[in-house]
Amino acid sequence: MAEARFQPRVFSGIQPSGNLTLGNYLGALRRFAEMQVSHETLYCIVDLHAITVWQDPAKLRNATRELAAAYIASGIDPEKSILFAQSAVPGHAQLAWVFNCVARIGWMYRMSQFKDKAGKNAENSSLGLLAYPALMAADILLYHATHVPVGEDQKQHIELTRDIAMKFNHDYGTDFFPITEPVIEGVATRVMSLRDGTKKMSKSDPSDMSRINLTDDADAIAAKIRKARTDAEPLPETYAGLAGRPEARNLVSIYAALAGETPDQVVAAFAGRAFSDFKPALADLAVAHLSPISARMGELMADPAEIDRLLAAGAERANAIATPIVARTYEIVGLAGR
Ligand code: TYM
């Protein structure tokens, strides 16, 4: 548990690797906006993480601004939350190096995201891809963050962050770093692909039909939901009755998350009806939620200089918290620099 001496502080991050999805929105962005009301919050555009796989430099710069626009359009207030790019605060890379020396290589090989991304040719992936979770631990612990809202797929990385904090504290005989709690809550912590209900909806899926992008227009959203894979059975009376029907469960969960209802309430409202009835209602709901976000993103993207200004102001605030934490870490470790 994060000790009482650490004031509650929320940190989370998203990679600027293009194509933000409904999964990112429901599993992360929307919840970030909710948490900003009750907590001190830092939200980061993790561009150093993005380059663990090849990124075209011009596209990366644009994706960073687009992600900043998505954060703001989803309700993050850059006055209230600290919104910034990871590479603008040197402490992330500084602390990551220390954690590279604390974490064990074996821990990294066990990460399922590494296994998925590296595939069969792990020896040929970047060293950064393997060390990715140590940088993620640095992101969080650089601010002594106590709570990290994420989707289900990041749980293993947060557990590793806890392991790194514990090993650092143990090795150096200190209690300097908090043991952070993941916050994985709600009905949409794992939004699945529209083409395959056993696979996560992902910005890197080769099929654009598998996901709803935050920038999709109303027609694209409606078409993707209409073509989403389902089965021929009608909706049952209860959500539990959807066992063994992953695609159907996924669409019901998405509906529930967007409508602010429980999955059981959604199933009860459509009980006995076919998916051909359900899908248009889901499409209307998705369009009603996402259209204002993509419209706002478009407006914000029309003024890139203003986005850069907001990010620079956020980086300054983040740096003010991070700098003394790096200095104290270096002192604990016996490093000469401050
Ligand atoms: P990333 O960029 O892949 O995803 C950003 C956030 O979106 C969530 N998410 C989903 N939630 C529900 N259903 C989905 N299909 C779905 N797809 C993505 C992710 O769980 C995540 O919360 N390693 C992180 C970024 C990161 C980070 C951090 C997060 C770097 N440092 C420190 C928290 C704290 C990542 O690649 O997320």
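In what follows, every heavy atom counts, from backbone to side chain, and hydrogens, waters and symmetry copies are set aside. These figures come from a predicted structure and were not determined experimentally. Every number for a ligand or one of its atoms is a count from 1 in the order of the listing.
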J.: Non-hydrogen atoms closer than 4.0 Å to ligand 1: which protein residues do they belong to? List them by chain and number, please.
T.: Phe11, Ser12, Gly13, Ile14, Gln15, Gly23, Asn24, Gly27, Ala28, Val46, His49, Tyr132, Met136, Asp139, Ile140, Val148, Val150, Gly151, Asp153, Gln154, Ala188, Thr189, Arg190, Val191, Lys200, Met201, Lys203
J.: Mind telling me whether Tyr71 and Tyr43 have parallel, tilted or perpendicular rings, with 30° and 60° as the class edges?
T.: parallel
J.: Please output the side-chain donor-acceptor pairs of residues 270-278 that fall under 3.5 Å, not counting sequence neighbours, one pair per line with the distance.
T.:
residue: Arg273; atom: NE; partner: Asp277; partner atom: OD2; Å: 3.4

J.: How are the rings of His144 and Phe176 set to each other: parallel, tilted or perpendicular (split at 30° and 60°)?
T.: perpendicular
J.: Considering only NZ, NE, NH1 and NH2 on the basic side and carboxylate oxygens on the acidic side, decide whether Arg309 and Glu306 come within less than 4.0 Å.
T.: yes
J.: Taking the six-membered ring for Trp, are Tyr143 and His92 ring centroids under 6.0 Å apart?
T.: yes
J.: With the threshold set at 4.0 Å, does a side-chain nitrogen-carboxylate oxygen contact exist between Asp205 and Arg211?
T.: no
